[in-house]
Amino acid sequence: METILSLGTRVRGRLASPYIVAGLATVTALAAASALLPRQSLIFGMVALGPALAAPSACPAAVLAVGGYALVASFAVSTWQGLLGSAGQVFRLVFVAVAVVICWFLALHHQRMLRASGAAARERERLAAVAEQSSDAIIASTLDGVVTAWNGGAERMYGWRADEVIGRPFADLILPPGSGDAVRESLARLARGEQVTHAETKRVRRDGTTILASVTVWPVRDEHGAVVAAAATERDITEEATARERTARADRMESLGQLAGGVAHDFNNLLAIILNYADFLADEVTGDAADDLARIRNAADRARSLTSQLLLFAKREPTQVEVIDLNEVVAEAAELLSRSIGENIRLVSRPAAEPMPVRANRGRLDQILLNLVINARDAMQDGGVVSIETDLVEAGHYVQLTVSDNGCGMTPEVRDRLFEPFFTTKPADRGTGLGLATVYGIVGDAGGTIGVESTPGVGTMFRILLPSAAAEITSTAGPARDEHGHGHGELIMVVEDDDFVSDLVIRILRDHGYRATAFGDGPLAALDLHDVALLLTDVVLRGRSGPMLAARLRVRRPDLPVLFMSGYSDAEVRREHGIDIAVPILQKPFTAVELLAGVGEALNTARAAHHAENS
């Protein structure tokens with residue numbers, strides 16, 4: 001579409017010439033006619049029509065050119081008629097000059113008007129181009145909701161072409177069913193001059209899919225201020241909303257993890273007391289009392305297992321990792337699981353031809369396979385096939401474990417919440433909602449990722465990526481510990497802010513040949529460290545930390561051996577408290593055997609270091 005500015009440009013350029021020609025021709029014809037008529041004839045003044053004909057060109061120079069020619073013609077004709085130097089000649093020349101000046105001002109004004117109009121038209125075209133190319137949907141409608149404008153962003157967002165929607169009610173095209181009342185209320189507010197905003201609302205695309213949109217609708221007014229239409233800007237925020245939900249879900253899981261970790265840590269102290277005092281009583285009771293005590297001990301073991309699962313979910317459980325071939329884990333687990341998932345379900349194992357080494361805890365890998373296969377079994381009530389596959393991906397940097405089934409599948413809503421703790425679609429007596437949340441925690445703790453693809457009626461596929469440990473094929477197993485450590489009168493200083501746990505540790509040590517004492521609240525300078533064989537301290541203490549206490553004591557005695565205790569994960573406490581990887585940490589809850597073994601190892605290490613120093 002040609003703009004007014006381009007029209008003015010042509011007038012001043014190519015189209016200025018016809019105006020000049022017309023003006024010159026008019027002046028020539030009128031001057032010739034005046035020369036043939038009596039000199040008092042009024043037709044002579046008509047030569048001023050020449051500049052007037054040039055004025056519409058909007059070119060002041062063209063007006064001056066025609067006007068100059070008119071003045072020359074007026075002078076020549078009046079001189080030829082014998083009016084040279086007379087008042088009549090001067091009057092004629094002044095009359096033409098005044099006409100030229102007036103026409104020049106008119107042409108100048110016309111030129112400025114054309115430039116202003118052209119700039120405004122060009123700005124409107126730019127705005128129209130911006131609106132057309134905008135990624136947001138820009139929609140205009142009447143106050144009855146009939147679409148009058150539909151930009152390219154709306155076409156891409158909703159799938160409708162402009163010629164298909166203009167003239168139709170937008171409520172029938174992009175709003176979900178049952179939105180009639182809301183639409184009428186919004187149109188009434190717009191008619192009153194109010195702006196309508198929806199931070200997040202549902203919209204429907206042409207193919208029937210539902211999206212989330214951020215919508216702002218404002219009233220359009222005419223030059224008198226009356227509301228005559230409505231205009232809306234709509235943005236697809238489906239991905240943004242999904243990302244926010246994922247972030248919120250991750251925050252919720254992190255909060256639950258912190259809660260679970262705190263509860264489990266405190267519970268470990270109680271379990272240590274229950275387990276060990278039950279062991280103390282085991283040799284002192286008989287008959288029914290012994291059976292009752294065994295039940296207490298078994299319940300405590302189950303509680304210990306539950307606490308371990310909570311700590312795993314919280315990513316705080318200490319785990320012993322090693323380099324394992326994932327193919328071997330799959331092969332052994334498949335043999336066991338195939339006997340327990342039911343006769344109507346076939347388990348297919350397809351391990352890769354080459355080794356799939358990963359650095360992980362073997363028990364946790366078994367738990368991943370168990371939970372995923374059981375989940376697949378529950379999705380195939382009428383039978384089906386479960387497949388377990390391994391492969392190298394991303395140029396061998398990651399090992400991929402795939403567990404798939406041809407069961408009932410999941411809806412997108414269920415899939416999005418699949419790894420939330422305590423979320424389950426199973427009956428209350430069959431599912432706790434911790435199985436897949438635990439898998440999520442195990443995979444994340446191992447530095448991997450887990451994804452799921454599922455289609456209702458088709459099946460589900462879990463893909464787990466774990467960092468490859470091809471460069472760590474060496475065995476990580478260490479020497480066996482002495483599980484029956486016995487002291488020879490060594491003095492062990494115990495630092496534990498839970499008095500019950502402290503009393504328990506001291507009792508175990510004293511019962512097995514050690515001298516043990518609790519760390520008091522007195523000044524550190526008053527402590528006699530000369531005879532202390534080992535400092536046994538909890539990492540996290542009220543108002544201080546075990547590593548800080550050990551550092552202060554080692555200022556006075558640099559060779560003081562230290563053994564730390566903790567109910568948190570090994571990696572976490574080492575990172576937060578700066579504990580070197582070579583320094584041993586005894587994990588809670590521990591049994592008497594585990595405590596004595598840890599103390600024995602710490603003393604043996606200290607003796608070996610002392611012997612090496614002296615030799």
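Just so you know, residue 1 is the first one in the sequence shown, and it goes up from there.
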Test item: Met410 and Val452 side chains (from C-beta on) under 4.5 Å apart, heavy atoms:
yes
Scanning both residues in full, the closest heavy-atom pair of Asp236 with Met157 reads N-CE, 3.4 Å
If I compare all heavy atoms of Thr537 with all of Val562, which pair ends up nearest, and what's the gap?
CG2-CG1, 4.2 Å
Does the side-chain contact (heavy atoms from CB on, under 4.5 Å) test come out yes or no for Val165 and Phe170, once each step is laid out?
CA-CA 7 Å; Val165 299; Phe170 70 86; over 6 Å; no
Considering residues, nucleotides and ligands other than Phe280, do more than 12 of their heavy atoms fall under 6.0 Å from its CZ?
yes
For Ala334 and Ser349 the tightest heavy-atom approach is CB-CB, 4.0 Å
Any donor-acceptor pair under 3.5 Å linking the side chain of Asn406 with the backbone of Val458?
no
When you check the gap from the basic side-chain N to the acidic O, do Glu453 and Arg463 get nearer than 4.0 Å?
yes
Between the side chain of Asn327 and the main-chain N/O of Pro351, is any donor-acceptor distance below 3.5 Å?
no
Are Thr233 and Asp136 close enough that a side-chain donor and a side-chain acceptor fall under 3.5 Å?
no
Sub-3.5 Å donor-acceptor pair from the side chain of Asp538 to the main-chain atoms of Phe564, do we have one?
no
Residue pair Leu212, Thr201: steps toward the side-chain contact (heavy atoms from CB on, under 4.5 Å) verdict
CA-CA 6 Å; Leu212 292 177; Thr201 186; over 6 Å; no
With a 3.5 Å distance limit and no angle check, can you tell me whether Arg554 reaches the backbone of Leu560 through a side-chain donor-acceptor pair?
yes
One pair to check against side-chain contact (heavy atoms from CB on, under 4.5 Å): Ile388 and Thr402. What are the steps and the verdict?
CA-CA 6 Å; Ile388 305 176; Thr402 304; over 6 Å; no
When you look at CG of Asp382, are more than 12 heavy atoms from neighbouring residues, nucleotides or ligands closer to it than 6.0 Å?
no
Taking atom CG of Leu365 and atom CD1 of Ile442, what is their separation to the nearest 0.5 Å?
8.0 Å
Atom CG in Leu596, atom NE2 in His512: separation rounded to 0.5 Å?
5.0 Å
Exam field: side chain Asn276 to backbone Phe590, donor-acceptor pair closer than 3.5 Å:
yes
Set of residues satisfying side chain to side chain donor-acceptor pair (under 3.5 Å) with respect to Thr455, sequence neighbours excluded
none
Can you tell me how far the CD1 atom of Ile345 sits from the CZ atom of Arg377, to the nearest 0.5 Å?
7.0 Å
Ignoring hydrogens and geometry, is there a side-chain-to-backbone donor-acceptor pair from Ser179 to Ala182 under 3.5 Å?
no
Please examine the side chains of Glu200 and Ile237, heavy atoms only from C-beta on, and report whether any two atoms are closer than 4.5 Å.
yes
Nearest atoms (heavy-atom pairs only) where Pro561 meets Ala606
CG-CB, 3.6 Å
May I ask you to test the Val204-Thr209 pair for a side-chain heavy-atom distance under 4.5 Å?
no
Please answer whether the main-chain N or O of Gly459 pairs with a side-chain N or O of Ser454 as donor and acceptor at a distance below 3.5 Å.
yes
Side-chain heavy atoms of Glu496 within contact of Val505, under 4.5 Å
no
Only one of Leu370, Ile374, Ile368 passes side-chain contact (heavy atoms from CB on, under 4.5 Å) with Leu372, and that residue is Ile368
Given 3.5 Å as the limit, does a donor-acceptor pair link the side chain of Arg205 with the main chain of Ile211, or not?
no
Is the closest side-chain heavy-atom distance between Val399 and Leu465 below 4.5 Å?
no
Close side-chain approach of Arg574 to Asp580, heavy-atom, < 4.5 Å:
no
Shortest non-hydrogen contact from Arg359 to Val323?
NH1-CG2, 4.1 Å
Measure the shortest side-chain to side-chain distance between Glu164 and Arg206 over non-hydrogen atoms and say whether it is less than 4.5 angstrom.
yes
What are the two closest heavy atoms between Leu563 and Leu534, and how far apart are they?
N-CD1, 3.9 Å
Closer than 3.5 angstrom, by distance alone: can the side chain of Trp150 be matched with the main-chain N or O of Trp160 as a donor-acceptor pair?
yes
Which distance, rounded to the nearest 0.5 Å, do you find between the CZ of Arg364 and the CD1 of Ile324?
12.0 Å
Should we count OH of Tyr277 as having more than 12 external heavy atoms under 6.0 Å?
yes
Can you tell me how far the CD1 atom of Ile579 sits from the OG atom of Ser566, to the nearest 0.5 Å?
7.5 Å
Look only at the side chain of Gln400 and the backbone of Ile464, and say whether a donor-acceptor pair between them is shorter than 3.5 Å.
no
Let me confirm one number: the CG-OG distance from Leu541 to Ser545, rounded to the nearest 0.5 Å.
7.0 Å
Assess the residue pair Val358 and Asp325 against the criterion (side-chain contact (heavy atoms from CB on, under 4.5 Å)); give the C-alpha distance rounded to whole Å, side-chain angles, the decisive distance to 0.1 Å, and a yes or no.
CA-CA 6 Å; Val358 295; Asp325 185 355; over 6 Å; no
Residue pair Thr210 / Arg203, side-chain heavy-atom distance below 4.5 Å
no
Tell me whether the rings of Phe462 and Phe419 are parallel (<30°), tilted (30 to 60°) or perpendicular (>60°).
perpendicular
